[in-house]
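The structure displayed is predicted, hence computed values, not measured ones.
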Amino acid sequence: MELKRRAGHQGTGPGAITPDGCAVELYSRLPVGAEPDIVAAAVPAGASILELGSGVGRVTGPLLERGFTVTAVDESAEMLERVRGARTICGPIEDLDLGETFDVVLLASFLVHNADLEVRRGMLRTCARHVAPDGCVLIQREGEDYHTGLPRERVDPAGFTVRIVSSEPVAPGVNSVHVEYEFPDATWTQTFRARPLTREQFEEALGEAGLRVDRYLTEDRIWARAVPVADGAG
């Protein structure tokens, strides 16, 4: 079944484009960053991980190499075709209900900033539904200056340039962000809608889903470790 393009999301460049505007070929080229190290430092060795929005497995592979068991979820079948060594499940995150729990649920790639409030709530409910009572949810947020000081660019050591061109308001609390990825032999663009969240708004959104921040894992508070709120806890 071909999924409909998500409203306000589009992408250009060679190869398949997913419903949220991501280019499969682009993400197959992007190097892994600090994510696997951040995850490994925050959870028990050998933990079971539900990776929501895994894409092509850029983070999945390094997590498997570190001895974790990973179930990779993505709504793009083309993305999941690139994943190796993990159980894969194709479908929207906000609709997922596997009837099982995991030591760790991972929601990276700024997915918590989805512009659609119902989708965001659904994603966080999915996190809460699938985390073990004594487990944790690791969430990647936007940096506090993500939408300011634009345009800006970064030249990656791998030889390509990432350029955040613009972030323009399109609805109350929602920005349309345009990003370019320039390689020597190809260029991709992605336009998507994001809802900036203050720290307080982020923590309130987690609370609605029955989660609370246990601690922030990085000084910039981009990575947070959340845990289920115990029954009766306020």
Heavy-atom donor-acceptor pair, H113 side chain to E142 backbone, under 3.5 Å =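 Pair found, side chain donor or acceptor close to backbone of E142.
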
Flag, side chain of T71 to backbone of L50, donor-acceptor distance under 3.5 Å =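 Between the backbone of L50 and the side chain of T71 there is no qualifying donor-acceptor contact (under 3.5 Å).
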
In this structure, would [X] and [Y] fall into the same cluster of hydrophobic residues linked by side-chain contacts under 4.5 Å?
X    : Y    : result
V170 : V177 : no
V73  : V131 : yes
V179 : Y27  : yes

Should the pair Y146 and F110 be assigned to parallel (<30°), tilted (30 to 60°) or perpendicular (>60°) ring geometry?
->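 Judged by the thresholds at 30° and 60°, the geometry between Y146 and F110 is perpendicular.
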
Look at the rings of F183 and W188 and say which category their plane angle falls in: under 30° parallel, 30 to 60° tilted, over 60° perpendicular.
->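 Perpendicular: the ring planes of F183 and W188 meet at over 60°.
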
For V70, which of V59, V83, T60 qualifies under side-chain contact (heavy atoms from CB on, under 4.5 Å)?
->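 Of V59, V83, T60, side-chain contact (heavy atoms from CB on, under 4.5 Å) with V70 is met by T60 alone.
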
Between E180, E153, R154, which is the residue that forms a side-chain contact (heavy atoms from CB on, under 4.5 Å) with T161?
->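 By the side-chain contact (heavy atoms from CB on, under 4.5 Å) criterion, T161 pairs with just one of E180, E153, R154: E153.
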
Distance check, rounded to the nearest 0.5 Å: [X] atom [atom1] versus [Y] atom [atom2]?
X    : Y    : atom1 : atom2 : result
Q140 : T218 : CD    : OG1   : 9.0 Å
L106 : I38  : CG    : CD1   : 10.5 Å
R125 : D95  : CZ    : CG    : 10.0 Å
L211 : L107 : CG    : CG    : 10.5 Å

Classify the side-chain pair T12/T189 by whether it contains a donor and acceptor separated by less than 3.5 Å.
->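 Short answer, yes.
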
Sidechain N-carboxylate O distance under 4.0 Å for E203, R199 |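 A salt bridge is present here (some side-chain N lies under 4.0 Å from a carboxylate O).
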
Is the closest basic N to carboxylate O distance between R29 and D185 below 4.0 Å?
->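 Answer for the salt bridge query: yes.
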
